[in-house]
Asks: 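Just dropping this structure here.
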Amino acid sequence: MIDIGFSWFTLLYVAAGLLTVFGLWLYYDWRDKHLYERERARVAFHCIKCGQVYSARKRAEVAACPSCGYENHKLKF
Ligand SMILES: [Zn+2]
């Protein structure tokens, strides 16, 4: 068995814990960023035929209304 001193064991134990916490921090930060970007990358549309408000992907300039199928342009604020 490997014989290491108590101070080395403590140092390795703390370093492993810190690396685990840091790795989880980076992973969840990356995941939340991608979830937020996906949610944020949507554009609002207002149907001028039936009045429904709906959303679609960001790059869509025109999207069909889910209720009546009318093609509407995106809302500009
Ligand atoms: Zn409509």
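If you're wondering where the values come from, they're calculated on a predicted model, not measured in any experiment. Whatever order the structure lists them in is the order used to number ligands and atoms, beginning at 1.
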Asks: Could you give the distance from NZ (K49) to SG (C68), rounded to the nearest 0.5 Å?
Replies: 5.0 Å
Asks: Going by chain and residue number, what protein N/O/S atoms come nearer than 2.8 Å to the Zn ion (ligand 1)?
Replies: C47 SG, C50 SG, C65 SG, C68 SG
Asks: Tabulate below the donor-acceptor pairs under 3.5 Å that side-chain atoms of residues 10-22 make, not counting sequence neighbours, or state none.
Replies:
residue : atom : partner : partner atom : Å
T10     : OG1  : F6      : O            : 2.8
T20     : OG1  : A16     : O            : 2.8

Asks: Please name the pair of heavy atoms, one in W8 and one in I4, separated by the smallest distance, quoted to 0.1 Å.
Replies: CB-CB, 4.4 Å
Asks: Please list every donor-acceptor pair under 3.5 Å in which a side-chain atom of residues 27-35 meets a protein atom from a residue at least two apart or in another chain.
Replies:
residue : atom : partner : partner atom : Å
W30     : NE1  : H34     : ND1          : 3.4
H34     : ND1  : W30     : O            : 2.9

Asks: Can you run down the ring-ring contact (aromatic ring centres under 6.0 Å, His included) pairs that involve residues 44-66, sequence neighbours left out, and say none if there aren't any?
Replies: F45-Y54
Asks: In sequence, state the C-alpha distance, the side-chain angles, and the governing distance for C50 and C65, and then conclude on side chain to side chain contact (heavy atoms under 4.5 Å, CB included).
Replies: CA-CA 9 Å; C50 69; C65 174; 3.6 Å; yes
